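Bear in mind that the values here come from a model prediction, so they are computed numbers and not experimental data. Here is the naming used below: chain letters follow the sequence lines, and residue numbers restart at 1 for every chain.
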Amino acid sequence: MPDEKKLTEARLETTSGSYPEGDKFKVVKPTEAISVFVAEGVKELKITNTNGWVLVAGGRKIDPSKIWEQEGFLGAKVVLDYGPDHSGGGNA
Amino acid sequence: MHDAVSQARFEQEIAAIPESTRNLRGWKIHGTTYPVFDVEFCAPESDDRPGLRLRMDFSGWNSSPPSIVLLRPSGERITQLLPPKNGGATGVFNQGPHPNAHSPFICMRGSREYHIHPSHTVDLWDNIKGTPEFNLGGIVTQIWRAWQKDRP
């Protein structure tokens, strides 16, 4: 259960690296859009294009345009899994 | 592409995948000796479906997309896919037969079997190669996401 008194911390996991590096977390502003943190990570990891990528945490899709609080992450330590969604199957 | 260049790219892209990402996604690496990347998507213990293992041949990477063979976690080659778990198939796991390759096969952009299939030869690998969603980690991620839905 998120604790409002605790800091909200996040880490981004991709196949191009983790942000912050290793098993560290970054303290984020709970009132800031999640996309701000994601953009920082994408820049740091030098990922050039994230069109069609999806953000998942705890098995559910996360809307990066929402603030941390709106997604229920206030006071939580969040690991965000970021990567491309599968392309449409060819059904050859 | 020169084999040494392909191998260097292959090794660089595997090395870029953090252990923390692999653990988060339940990816177990069985082999990384060029040109083969052998990775298993581990099934949750509570699940009634087995995991899936991919033997991906990255020969000529990335002039050519990888050729992908589907295996059970034991290493046994899959000959018959299970029906999609939730009914709505992604269309990524194709029982075949494939006219020019093995079956079943991955029928998705980024798989060699897709791009050489007569139905998709106009969908050129050259148009997408090198993009983040079609580097080594991107292709594995896409197949893993489809596997989470279909569990073939």
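In Arg22(B), the CZ atom is crowded: over 12 heavy atoms of neighbouring residues, nucleotides or ligands sit closer than 6.0 Å. Within 6.0 Å of CD in Glu32(A) there are more than 12 heavy atoms belonging to other residues, nucleotides or ligands.
Nearest heavy-atom pair across Pro84(A) and Glu133(B) is CB-CB, 3.6 Å. Contact between Gln142(B) and His86(A) at its shortest, heavy atoms only, is O-CB, 3.1 Å.
Looking at Ser20(B), the atoms closer than 4.5 Å to chain A (heavy atoms on both sides) sit in the backbone and in the side chain alike. Heavy atoms of Asp85(A) lying under 4.5 Å from chain B belong to its backbone as well as its side chain. Contacts between Trp144(B) and chain A at a heavy-atom distance below 4.5 Å involve the side chain alone, from C-beta outward. Neither the backbone nor the side chain of Phe93(B) comes within less than 4.5 Å of any heavy atom in chain A.
When atom types are taken as modelled, the side chain of Arg109(B) and the backbone of Ser87(A) share no donor-acceptor pair closer than 3.5 angstrom.
Contact tally against chain A (heavy-atom pairs below 4.5 Å) for Gly110(B), Gly137(B), Pro18(B): the top residue is Pro18(B).
Residues from residues 8-21 of chain A that place a non-hydrogen atom less than 4.5 Å from a non-hydrogen atom of chain B comprise Arg11(A), Glu13(A), Thr14(A), Thr15(A), Ser16(A), Gly17(A), Ser18(A), given in numerical order. Proximity to chain B among residues 41-59 of chain A is limited to Ile47(A), Thr48(A), Asn49(A), Asn51(A), Trp53(A), Val54(A), Val56(A), judged by heavy-atom separations below 4.5 angstrom.
Leu81(B) and Leu54(B) fall within the same hydrophobic cluster, defined by Ile, Leu, Val, Met, Phe, Trp and Tyr side-chain heavy atoms under 4.5 Å apart, directly or through other members. One hydrophobic cluster, built from ILVMFWY side chains closer than 4.5 Å, cannot hold both Val79(A) and Phe37(A); they sit in different ones. Following chains of ILVMFWY side-chain contacts shorter than 4.5 Å, one cannot reach Ile116(B) starting from Val69(B), and the two form parts of different hydrophobic clusters. In the hydrophobic cluster analysis, where Ile, Leu, Val, Met, Phe, Trp and Tyr join through side-chain heavy atoms closer than 4.5 angstrom, Ile14(B) is grouped together with Met56(B). Side-chain heavy atoms closer than 4.5 Å link hydrophobic residues (I, L, V, M, F, W, Y) into clusters, and following such links, even through other members, never connects Ile139(B) to Tyr114(B).
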